[in-house]
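Here is the naming used below: chain letters follow the sequence lines, and residue numbers restart at 1 for every chain.
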Amino acid sequence: MSKNTPQAIRGTQDIFGADAEAFAFVVETFERVRRLYRFRRVEMPVFEKTEVFSRAIGETTDVVSKEMYSFEDRGGESLTLRPEFTAGIARAYLTNGWQQHAPLKVATHGALFRYERPQKGRYRQFHQIDAEIIGAAEPQADVELLAMADQLLKELGITGVTLHLNTLGDADSRDAWRAALVEHFRGVKDELSEDSQERLEKNPLRILDSKDPRDKRFVADAPKIDAYLSDEARAFFDAVTSGLDAAGVKWQRAESLVRGLDYYRHTAFEFIPDEGSEAASKLGSQSTVLGGGRYDGLMESLGGAATPAVGWAAGIERLAMLVGERGDERLEIAVAAENRDREADAAKAVALFRQAGFSAELFATGSPRKRYDKARKAEAAMLISFDIRDGQKTHSLLQTDPAIPREAEALQLFGKHWPIVI
RNA sequence: GCGAUCGUAGCUCAGUUGGUUAGAGCGCCGGUUUGUGGUACCGGAGGUCGCGGGUUCGAACCCCGUCGAUCGCCCCA
C-alpha cells in the first residue's frame, strides 16, 4: 500500500466476504421476524441535535459524558452522531405526532457511533437492529418484545445464550433501592475497588455487576430490589414473567442486572452467552448480545407527555460472530470461453441466463487455455464451455451435484441457441 | 483514558548470535503439458522490512519515539 493512501478511521470496519454474508443474514432474518410480529419499519436520521441524546440518555452516563461524536455545524449548532436508536425514535414520536398510532411498534437498523477504544465485538461505528413498542403500558408489550427477541435468536441458529431478566421497579421503587444501596456501600467504601468508589457517587447500581473480587464480597449481601418494590411494580414483573413462561421463552432472574442508561424503569434484560459456552468464547470479553428494557420516563425528559414504552437493541456484529460461517451462495452457471473467437457467444449465453433469473458468471479473460480451470474453481452447479476444435465450434457441459432447481429450464434455454454435446 | 502483544510481497508467514543483491507457499499474469480436462512444470510482475531518529564498519533484527492493528480494563450492542 502506498504511504500516500489515507487509512480508514480507527474503529470503523470494511466488512467483506464471509463476514459480510453473516451480517446480511442477521439483517435479513431480523426483517423477516419483525414482519411476523407486525413491527413497522422506520428510517431515522443518523444525527440529531446533541440535546436529544444528552437529555434522554442522561448527562452523567458514559455514553453522553465521554463517548459521543459531537460537532458544530456551519450554523453553530451542536449536533451528534447517534450513539443509540431509542432517543432519536422518541424524538420522532413527539415531533411527528405519532401518538395517533399508539401503541406503535417500530423496528429499524443501521449504524451507530461511540467514541471508544475498539476491541473484539466493539467498534466506533457499529450496527444495531432495534425494536420498540411506544405507548403501551401493559406487561404484555414487554412479553411480546422479548418473545420476538427470543425467536430471532433461534432463527439465527444461535444457542448457548440466555435471557437474563430483572426489574428496576417504578421510579419510587428504584429511588428507594438506590438510596439503600448507597448507604450499604458507603459503610464499606474504603474496602471497595477504586472504580466502585467512584461509581458510588456516579452510578451506585453499577457496583452490583463489578467484576472486582473486592467488591463481590459486599455485593452478595447488598439490599435487593425485591424488598423495595411497590405492589404495582411487583405485580407488573410477575405478569411479565408469567407471560414469558406462557410464550415458552426461557429466562433467568438476574437480581444485579442494571442497565447503564438513566431512562430504564421496570423491566431490564440482556441476552448473555452462558459461561463456558462456544458463544461466550466467540464474543471475547463482550457479553451482551441483545439488551433493553422499559423506559417510561424518557418521553418526559424530551418535553413530551408521559408515555410508557419498551425496547431493545442488538449488535449486528456480535450476532454475526455467533451465526457462523456463511459462504457466498453457490454459483448456478459458469460459462467459459476457451477460444477468443467464442467470447461473444459466451457473453451472450451469460446474458440469457441472467435475464432468465439464473446466477451466472463469465470466464473469458486471461490465457484461453486456463479459462476452463478457472471456471471449474468457481464450483458452479453447471459449467458450459465454448471452444473451437479442429475448426469446429464446440459446446460442452459439465453438471455437478446437487443440481439446481430449474436445471431443465436452463438446458432448454441454452439448447435453443447452441447444440449441446454431453 | 490506562495496560499487554504485534507491524516483512495482494494474503499467510520464514528470515540463525546484527553480516553480500530480503525468501517460501497461496493468489495474479504469461508460456508449455494435459484435451472432457479442477493436473504438472517453467517463467514474470509485485517489498524504500509501518514511519522517524539513534547505536554500529554494517540494522528486517538492538535502543528511543511515533503511527497503526489486535486483545484486555472502564463502559457498552
Side-chain angles (χ1 to χ4, degrees), chain A residues 1-13 16-17 26 57 60-68 82-86 109-131 149 161 193-196 198-199 202-203 206-207 209-212 257-261 269-273 281 283-292 311-322 334 336 338-339 363 365-380 383-385 387-390 394-400 421-422:
Chain A
M1 177 184 64
S2 163
K3 64 182 176 185
N4 225 352
T5 304
Q7 33 201 0
I9 305 298
R10 163 176 291 189
T12 61
Q13 321 168 72
F16 173 77
V26 170
I57 299 171
T60 63
T61 59
D62 278 26
V63 170
V64 171
S65 66
K66 54 186 209 195
E67 294 174 3
M68 292 204 302
R82 47 147 77 147
E84 62 148 38
F85 280 116
T86 307
H109 65 83
L112 303 172
F113 304 84
R114 252 119 98 160
Y115 192 88
E116 296 187 274
R117 283 295 286 272
Q119 55 184 274
K120 191 175 189 141
R122 189 125 153 236
Y123 308 94
R124 288 187 173 177
Q125 178 181 332
F126 61 105
H127 303 82
Q128 287 186 345
I129 50 180
D130 181 278
V161 171
S193 67
E194 297 76 17
D195 284 334
S196 284
E198 217 172 294
R199 285 189 271 236
K202 281 175 54 188
N203 198 346
R206 288 236 78 94
I207 300 176
D209 47 27
S210 168
K211 290 168 196 159
D212 196 304
L257 183 135
V258 297
R259 306 243 343 129
L261 313 180
F269 53 85
E270 294 180 350
F271 283 79
I272 301 175
S281 63
L283 280 173
S285 70
Q286 316 310 325
S287 52
T288 305
V289 124
L290 183 155
W312 56 249
I316 297 176
E317 290 87 348
R318 291 186 187 177
L319 292 171
M321 284 189 271
L322 299 181
E338 293 194 84
N339 186 300
F363 295 85
T365 59
S367 170
R369 46 198 338 166
K370 289 186 177 171
R371 292 175 188 171
Y372 189 89
D373 284 353
K374 263 196 224 173
R376 200 106 197 214
K377 283 184 183 169
E379 294 182 327
L383 194 171
I384 291 169
S385 170
D387 203 352
I388 295 178
R389 289 191 189 165
D390 305 323
T394 62
H395 315 106
S396 73
L397 172 71
L398 176 78
Q399 290 160 278
T400 58
V421 182
I422 298 183

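Between Arg376(A) atom CZ and G38(B) atom C1' the separation is 5 Å, expressed in whole Å. Between the CZ atom of Arg389(A) and the C1' atom of U36(B) there is a distance of 7 Å, rounded to whole Å. In this structure, Asp373(A) places its CG atom 14 Å from P of U36(B), rounding to the nearest Å. In this structure, CG of Leu398(A) is placed 10 Å from P of G38(B), rounded to the nearest angstrom.
Applying the salt bridge (Lys or Arg N to Asp or Glu O under 4.0 Å) definition to pairs two or more places apart or across chains, those involving residues 116-125 of chain A are Glu116(A)-Arg122(A).
Every side chain to side chain contact (heavy atoms under 4.5 Å, CB included) that Gln125(A) has, sequence neighbours left out, goes to Thr12(A), Ala111(A), Phe113(A), His127(A). The salt bridge (charged side-chain N to carboxylate O under 4.0 Å, His left out) check on Asp195(A) picks up nothing, with sequence neighbours excluded. Applying the side chain to side chain contact (heavy atoms under 4.5 Å, CB included) criterion to Ser367(A), with sequence neighbours excluded, gives Arg369(A), Lys370(A). Qualifying side-chain hydrogen bond (donor to acceptor under 3.5 Å, both in side chains) partners for Gln119(A), counting only residues two or more places apart in sequence or in other chains: Ser285(A), Gln286(A). Taking Tyr123(A) as the reference, Gln13(A), Phe126(A), Glu317(A) meet the side chain to side chain contact (heavy atoms under 4.5 Å, CB included) condition, with sequence neighbours excluded. Residues passing the side-chain hydrogen bond (donor to acceptor under 3.5 Å, both in side chains) test with Arg371(A), sequence neighbours excluded: Glu343(A). Judged as a salt bridge (charged side-chain N to carboxylate O under 4.0 Å, His left out), and not counting sequence neighbours, Glu338(A) has no contacts. Contacts of Ala380(A) classified as side chain to side chain contact (heavy atoms under 4.5 Å, CB included), with partners at least two apart in sequence or in another chain: Leu331(A), Ala334(A).
Dashed line: the shortest gap from a side-chain N or O of Ser396(A) to OP1 or OP2 of G37(B) is not under 4.0 Å. Contact check, Arg369(A) against U32(B): a side-chain N or O comes under 4.0 Å of OP1 or OP2. OP1 and OP2 of G27(B) both lie 4.0 Å or more from every side-chain N or O belonging to Lys374(A).
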The contact string for nucleotides 67-77 of chain B, one letter per nucleotide 5' to 3', using protein heavy atoms under 4.0 Å with B, S and - for base, sugar-phosphate only and none, comes out as SSS-SBBBBBB
Pairs under 3.5 Å (N/O, protein and nucleotides 43-45 of chain B):
none

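Of the P atoms belonging to C63(B) and G46(B), the separation is 34 Å, rounded to the nearest Å. Rounded to whole Å, the C1' atom of C28(B) lies 9 Å from the corresponding atom of A45(B). Rounded to a whole angstrom, the distance from the P atom of G27(B) to that of C11(B) is 16 Å. The same atom, P, is picked in C49(B) and in A9(B); the two are 10 Å apart, to the nearest Å. G53(B) and U12(B) are spaced 28 Å apart, taking the P atom of each and rounding to whole Å. For the C1' atoms, the distance from G35(B) to A22(B) is 41 Å, rounded to whole Å. Across G47(B) and C42(B), the matching P atoms stand 24 Å from one another, rounded to whole Å.
Note on Lys370(A): a base of the nucleic acid sits closer than 4.0 angstrom, heavy atoms only. At the heavy-atom level, Glu194(A) lies nowhere under 4.0 Å from the strands shown.
When each of Leu383(A) and Pro368(A) is assigned the nucleotide of RNA chain B bearing its nearest heavy atom, the one mapping closer to the 5' terminus is Pro368(A).
Side-chain N or O atoms of Arg82(A) include none that pairs as donor or acceptor with a backbone N or O of Leu112(A) at under 3.5 Å. Side chain of Thr288(A) to main chain of Gly291(A): no donor-acceptor pair is present (N/O by atom type, distance under 3.5 Å, no hydrogens or angles).
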Base-pair string, RNA chain B, Watson-Crick plus G-U, cut-off 3.5 Å on both distances, | for inter-strand, is (((((((..((((.....[...)))).(((((.......))))).....(((((..]....))))))))))))....
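Note: Thr61(A) OG1 to Met68(A) CE = 8.0 Å, rounded to the nearest 0.5 Å.
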